[in-house]
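Positions are given from 1 along the sequence.
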Amino acid sequence: MKYHRFYAYVLILYLEMQLKSLRTFLRCSEYLLLKSVDNDDEVAVVSLGSLLRRIKDALFILIRDFGSITQLENSSFVLVDIDFCFMLCGEIQKIFSRCKPPTLYHPIDSLDVLKIYDMLSRFDMNNKVLGREINRAYITFSDCLSKLTSPMRDVNELMELINTVLENLTGILTCCDGNFHVRFTMEAFHVRLQNLKVKLRSLKSFICFAKFQVVEHRNLLIHAEIFTLKAAHFLYMFWDYIMYEMGQRSEDEVVEDDILIKSHEMLQKSMFVDPFAPEIHIQALQALKASGSTLSLEVKNKEIARDFVDSLSATLWILLANSGNTSFLVSVTDQMQILYYGLLFLRTLLTNQQGNFDELREEMKDFVGDLVNEAGTVVCLLCVNGVKDGFAMETNHALCDFLEKIKLIKAEVRNKYPATSTPNFPKTNQLGFIDFLLENLKELANCKVNSITLVEDQIQVFEKDLVFLRSFLHKFVDQHEELQSLQSRVMEVAYKAEFVIDSLMVGDIERSPLLFETIVDEMKHIKIEAMEINESMKYNMVEVQKFTKTSSLVPSQGSTSTMDEDVLKLEEETTAIIDRLTRGSVQLDVVTIVGMAGLGKTTLAKIVYNDPSIMYHFHIRSWCCVSQVYSKKDLLLQILDCITGKHCNTNLKEMNEDDLDVQLYRHLKGNRYLIILDDLWGTEAWNLLKNSFPEDANASRVLVTSRLQDLASEIKSNSIPHALRLLTNDESWELLKMKLFVQERFSSAMHVLGREIASNCKGLPLTIVIMAGILSTLEQDGWEEVLRSLSSESVSRTEQCRYTLELSYKHLPDYLKSCLLYFGLFPEDEFISTKRLVWLWIAEGFVQKNELKTLEEVAEDYMMGLINRSLVMVEKRRSIGGVKFCKIHDVIHEFSVAKAREENFLQLLRGGNELFTFHEAGKVRRLCIYSEAKDFEEARLFCPRVRSLIYFGLDYDCQVYPSSFSHVFRIFRFLRVLDMYQIDVGDVFPTEIELLILLRFLSLGVSVKSIVPPSIANLLYLETFLLRGFHGSNSSGLLPDTIWKMKNLRHLHTENYWSFILPWGHNLENSCGLCHLQSISTIELRCKNMEKITRLLPDIRKLTCRLSHSCSENISVGKCYGKSGWKCDRIFALDSLTRLESLHIYTWAVRDEFRIPFPVSLKKLYLSSFCWQWSEISSIGKLPNLEVLKLKFDSFEGKVWDMEEVEFPKLKFLGLEYLDIVNWIGDGEHFPCLEKLVLKHLRKLIEVPSCLRCISTLEMIDVQGCTKSVGDLVKKIEEEQKDLGNEGIRILIHDPSVF
């Protein structure tokens, strides 16, 4: 019998924790006992001495059981006994640490585990006996402490005591985190333990801060001793309770739960809660100030000051996070946020890695030191006076003084280290934001929030003015510089209005109505100014039209590609283009090369242009760089220059466009010509030039390069573009060598380094060229440094790449700019779900409404717009087109991140370091975080105005306590997007989420045991609700009845085999249901109330559902018959869902007969595990709009599928997977439109229908995991298809070992 090392690891961990608990008690005993001896308290010495001897005996037994041998003898003196026991605990801990298995799942003998378990049991038995005496000793310690009039020990010994208690606390958190048996206890105490940890660290840092200024405040030290010893006692009781939870204690051997809580509450009152403790800290700080000592911030002292400031920020955070006053979070948010991030700024400034402080003037360093002291005073005053009803006068004075001084230090740092200024609001798609705000204002008309009625009239006036300004800016903003300033003012007021309205929505009525009056007045003044400008423009329309016309006449700035003539020639790419230019039709044809920025489109065109065969084949060749800014005259001159030579250019320049047009036509007439139109951004330039290209039926060609994939078909219908691919690693290395011109001095080591660097360029030629420019100035050690630090960031910041990407970005419509920058929040190389991304775009307000399309359809058009511009790559397509997953190149990703930061569109924080040094949150609208859950929790971010929070866990699928992230719901009150699907927030759904009433997108990871509360209906604006199930599978959760009140809900989804059960009640008889709901995945369907529920989903387009065994046994519909059992005619009336287009339906462990009338609107159908007979598929074949059919996992059973008269009139994709079919027969026109056939794991299949040979639309057959005979049959189909002229058919046969 084998056990896993995991069990041994857990047992040893518990032993270690027991020893840490004992060590803490021994340290406390030593601390108090010396003072007792000084007071000649012989009784205490004898009593404690007896307890210590028994502890020592228990430790020796533990050592003996473990197999260790010691020659140490018992000491006769109590003081030595304490030191000895303390040392002995530490030594045993070290032994156990060394015995922890290196891997948790390496099997060991069961005897080894049992030996460890017996050892733990014997030691624990002794510890149980000692436990009550240790608890009584702690109580005696408390009585002793209550009589203190002076500190018991010096500062150094106090620091050792605090460190020991902190080690014990950290050990408890480590040991209990993730332990299923104590999950509920830890959920109740997690925040308390974390706060206790913060307070102990704060106490320690405060004492150190006072000590290095040679001020030891008596009351402060006494308070620290009392608090630390009480903390030790609480932790001892808490660990005892944990052992009870794990079955290691009986009920009469452990402290009761309520006693534990009361103990902690008493402990809380000892630190920064009741007025006594912070007043002591204020007295100590005043003593520091009165001492007149200058705060010299040398390296060590700077660390002490930094730790002190960090503890202040942590204390302030606890005060903010625990505040239940919701109006406080809004009404004083400005000052509190400045204070909090002022503290974080000081902490960053004092960090060792921060060079800014060391280079400040000496007097400014002293100023910083004094400010640290004042920071402590401000925080302590807040703790004393509170902020519930605003700031007390003393607090307000100290706070204002501190904030003013922070400004001075920031100004000093900025002067020495200038930084790029960040705009006060996002600069991206500003008119799009106005549209989004106007839509929100319309929704307020139906809003029943009382606070909104206070400003209802003012909102209507504001809306009217904003509509006028939106129209005005749309007409004229790009035509005059003066209007750029006007637009900025409009945007600033619009963002202010949004904040005030949202403040009203979340319940802050203290100042919002008054503020909105000011905003309305500001907008009126801007409108008057705009009206004056509008009038002047009416009288100057000729000038406006002239300006508009000349905007397209700016001379071309040339190609974006700056790659020189030494290029890597890709033979297959070059040959393919040359073949298309020199072969084929004799009619004039257009060939298009498409690809993302920097991929080498222009380079390839140049190679082809200068190829000898091209030079021989064409009589005339000409090159024209179009780019995005051009005039027709300029384009004509470029082409004529190449034909006639520059020496003839003088006369041409004097001609007008019409004369040049004639000249070009005459030169080309009768000749076989090749015209290169490089960097085309649309069809406009082509339309200007096409009449100048004569059609002489002599095989002339036009070669176009563009980032737009649709351009080829727009210029000429049915034209297929040549999509340029990324370079392979070998090709990347060849290009890098070519660009460096130093191949002769390459050492073997540099070859290795160069290959790795080239590989890291990810196949993008422009990136490789940029990297070559960097490496050409470096020796081998420099190459090593480049390789270590290589990232797409280092590449995209260079001028060449930046210009190329900037040009592509500038040419985007405003609504696509937001969509592109949004890619920056996803990790590099992430496969991004298009569905999820579209929902996020909608929630963010990027997608404009269209009467003819749904928001989702418009958003998908946006996606295709980015793909066609070669900014986004398709990673995986759907069955019949469309994009399922996408990604962007690393270089474009880095550009998106940098541009988003520059335009204040998005702030990305990666890792703990960026989290802990982030102190500019006031302007941030969207915050994306990559970190471990622990770092996110401990960073204590305070960004109450953030509208979007997206979290990517570096410790993926991490399980946390709900309390760890409860601050997100209490502080981030204005969130519209909250995406935390990678974190499991536990078994209890966070009820605080009801506070986020502005949410439109919510994605959470929860335990499958979690129950969605009725209060979820408070999220009236929620459009997308995603839950990711953890720690269980095939489970169902009942949604609350209130789900039917969420009228704006568009998408309701679960992941990880977790499903919803939609509720039903008599109160829903007259409900209009979820009239906007577009998609559900996954719900559990039951026959009972089926028709009633589907009536409440009138607009559902996509549905994923399951039929479970449990529900099938409790259905009252149908007839029972037969002696050996019973069968039911179960009808799932899905045909009432008249707008349903996609249905994925499956079941487990059900073998009864179902009848499912499918709606005729269905386009995609996925079936699994129904075990229907093949004869029943005829009803599916009759669906008139069905395009995709996937049959999986015994959806149908039987050895023979004879299609007979079955026809699938519009079916384009057919997938069969894990079926027991042997013979698939059909020789008629069963699939007249079939394009793709996928056969997976059909282990018994030996025959496929003969009709497949003559389907003219067939493009691909994909075979995986089937028999060799199936592979042979498919190859014959390929031959026959090609014989019939279908040369483009693709046959994919996987698993070559099978065939």
Side-chain angles (χ1 to χ4, degrees), residues 552-553 555-556 558-559 574 576-593 601-602 604-627 630-706 711-722:
S552 63
L553 299 177
S556 172
S559 170
T574 305
I577 297 299
I578 290 176
D579 285 348
R580 292 185 64 176
L581 294 177
T582 59
R583 299 181 182 181
S585 173
V586 296
Q587 301 300 317
L588 174 64
D589 197 8
V590 180
V591 178
T592 309
I593 303 173
K601 302 178 294 294
T602 301
L604 177 59
K606 284 182 179 180
I607 293 173
V608 171
Y609 183 79
N610 294 308
D611 189 272
S613 64
I614 292 294
M615 297 171 69
Y616 177 81
H617 184 76
F618 292 100
H619 306 144
I620 292 176
R621 295 175 303 124
S622 184
W623 186 286
C624 176
C625 291
V626 181
S627 195
Y630 58 86
S631 68
K632 181 178 180 179
K633 182 176 180 177
D634 179 63
L635 299 179
L636 291 168
L637 283 172
Q638 284 190 63
I639 298 171
L640 285 167
D641 279 347
C642 293
I643 297 172
T644 62
K646 298 203 175 194
H647 63 281
C648 301
N649 199 30
T650 305
N651 294 332
L652 293 174
K653 283 186 178 180
E654 295 175 358
M655 295 181 183
N656 59 33
E657 290 180 357
D658 293 337
D659 291 336
L660 290 171
D661 208 356
V662 171
Q663 284 290 324
L664 178 57
Y665 189 90
R666 287 177 179 174
H667 277 92
L668 297 179
K669 185 65 177 175
N671 291 299
R672 183 186 300 131
Y673 55 86
L674 170 65
I675 307 296
I676 309 289
L677 298 180
D678 183 38
D679 199 21
L680 210 62
W681 287 80
T683 58
E684 295 83 3
W686 168 254
N687 292 332
L688 289 175
L689 296 174
K690 64 182 180 181
N691 292 330
S692 301
F693 303 147
E695 170 59 274
D696 293 326
N698 60 358
S700 293
R701 297 288 186 265
V702 177
L703 179 62
V704 173
T705 69
S706 178
L711 191 63
S713 59
E714 290 175 4
I715 292 175
K716 181 182 178 182
S717 60
N718 300 323
S719 179
I720 301 174
H722 180 88

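How far CG of Asp659 is from CG of Leu664: 12.5 Å, rounded to the nearest 0.5 Å. With rounding to the nearest 0.5 angstrom, the CD1 atom of Ile639 is 11.5 Å from the CD1 atom of Ile620. The line from CZ of Arg666 to CG of Leu640 is 12.0 Å long, rounded to the nearest 0.5 Å. Once rounded to the nearest 0.5 Å, the distance linking CD1 of Ile715 with OG of Ser706 reads 8.0 Å. Interatomic distance, Gln587 CD to Asn698 CG, rounded to the nearest 0.5 Å: 9.5 Å. One finds the CG atom of Leu703 at 12.5 Å from the NZ atom of Lys601 (value rounded to the nearest 0.5 Å).
Scanning all heavy atoms of the two residues, the minimum distance from His722 to Ile577 falls at CG-CD1, 3.5 Å. For Arg701 against Arg580, the heavy-atom pair with the smallest separation is NE-O, 3.4 Å. Contact record, Asn671 with Asp696: N-OD2, 4.4 Å, taken as the closest heavy-atom pair. The shortest heavy-atom contact between Met615 and Asn610 is SD-O, 3.6 Å. Across Thr592 and Ala712, no two heavy atoms sit closer than the pair OG1-CB, 3.5 Å. Heavy-atom minimum distance, Pro694 versus Tyr665: CB-CE1, 3.6 Å.
The shortest side-chain heavy-atom distance between Leu689 and Leu677 falls under the 4.5 Å cut-off. Residues Thr602 and Asp679 form no side-chain contact, since every pair of their non-hydrogen atoms from C-beta on lies 4.5 Å or further apart.
Using modelled atom types, one finds a donor on one side chain and an acceptor on the other under 3.5 Å when comparing Asp634 with Gln638.
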task = Would you please test Ser613 and Thr582 for side chain to side chain contact (heavy atoms under 4.5 Å, CB included) and show each step?
result = CA-CA 9 Å; Ser613 64; Thr582 59; 5.5 Å; no

query = Given the rule in the side chain to side chain contact (heavy atoms under 4.5 Å, CB included) test, do Val590 and Trp686 qualify, once you have shown the distances and angles that lead to the verdict?
reply = CA-CA 11 Å; Val590 180; Trp686 168 254; 3.7 Å; yes

ask   = Is there a side chain to side chain contact (heavy atoms under 4.5 Å, CB included) between Val626 and Trp681 once you walk through the steps?
value = CA-CA 8 Å; Val626 181; Trp681 287 80; 5.9 Å; no

key: Thr705 and Leu604: CA distance, side-chain angles, deciding distance, side chain to side chain contact (heavy atoms under 4.5 Å, CB included) verdict   = CA-CA 9 Å; Thr705 69; Leu604 177 59; over 6 Å; no

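Between Tyr609 and Trp623, the ring planes lie perpendicular to each other; the angle is over 60°, past the 30° to 60° tilted range.
Glu695 places a side-chain N or O within 3.5 Å of a backbone atom of Ala697 that can act as its donor or acceptor partner.
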